[in-house]
Amino acid sequence: QVQLVETGGGLVQAGGSLRLSCAASRSRFRINTMGWYRQAPGKQRELVAIITSDNTANYADSAKGRFTISRDIAEKTVLLQMNSLKPEDTAVYYCGVGAWGIDYWGQGTQVTVSS
């Protein structure tokens, strides 16, 4: 089993910044993919950003130019730096990790951006 600990969510004004962090527990499970997803009320869970072991990163169009994902493979940690936040970024953000896809999810952390 892999357990994920997320930190960094909170309330911020539009234009502000937050940094989310997710740390995976030590295990023999190979973690190749680490990413951040979000789910807003009435919407499906959507990809925000994802990064693989070769440091290839992909972003949702809504995140490009504002968010940056990074990882520490040895520490099994993934970060999401969010700048220029908008009210539409308000959602529960979930950390996900896996071998070739997402196999484990965090509990989620609330991000609220006020207008």
* List the atom of Arg66, the atom of Leu85, and the distance in Å for their closest heavy-atom pair. =>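 Answer, listing the atom of Arg66 first, then Leu85: NH1-CA, 3.8 Å.
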* Asked: Do any N or O atoms from the side chain of Thr90 and from the backbone of Val113 form a donor-acceptor pair under 3.5 angstrom?
  ->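 Yes, because the side chain of Thr90 sits within donor-acceptor range (under 3.5 Å) of the backbone of Val113.
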* **Side-chain donor/acceptor of Glu6 to backbone N/O of Gly108, under 3.5 Å** =>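 Yes, because the side chain of Glu6 sits within donor-acceptor range (under 3.5 Å) of the backbone of Gly108.
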Shared hydrophobic cluster for [X] and [Y] (ILVMFWY, side-chain gaps under 4.5 Å):
X	Y	answer
Ile50	Met34	no
Tyr104	Ile51	yes
Tyr59	Val78	yes

Nearest 0.5 Å, please: how far is [atom2] in [Y] from [atom1] in [X]?
X	Y	atom1	atom2	answer
Thr109	Tyr93	OG1	OH	10.5 Å
Ile69	Phe67	CD1	CZ	11.5 Å
Glu46	Trp36	CD	CH2	14.5 Å
Leu20	Met82	CG	CE	4.0 Å

* Asked: Considering residues, nucleotides and ligands other than Gln110, do more than 12 of their heavy atoms fall under 6.0 Å from its CD?
  ->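 Check passes, neighbour count above 12.
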Would you mind reporting whether [Y] and [X] have side-chain heavy atoms less than 4.5 Å apart?
X	Y	value
Val2	Val97	yes
Cys95	Trp105	no
Arg45	Tyr94	yes
Trp100	Thr33	no

Do [X] and [Y] get their side chains close enough for a donor-acceptor pair, meaning under 3.5 Å?
X	Y	value
Ser53	Asn32	yes
Ser62	Arg38	yes
Ser17	Asn83	yes

* When you check the gap from the basic side-chain N to the acidic O, do Asp61 and Lys64 get nearer than 4.0 Å? ->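 Salt bridge present between Asp61 and Lys64.
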* To do: Could you pull out all residues at least two apart from Gln3 that satisfy side-chain contact (heavy atoms from CB on, under 4.5 Å)?
  =>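 Applying side-chain contact (heavy atoms from CB on, under 4.5 Å) to Gln3 gives Ser25.
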* To do: Applying side chain to side chain contact (heavy atoms under 4.5 Å, CB included), run through Arg71 and Asn55 and close with a yes or a no.
  => CA-CA 8 Å; Arg71 69 181 291 168; Asn55 283 326; 3.7 Å; yes
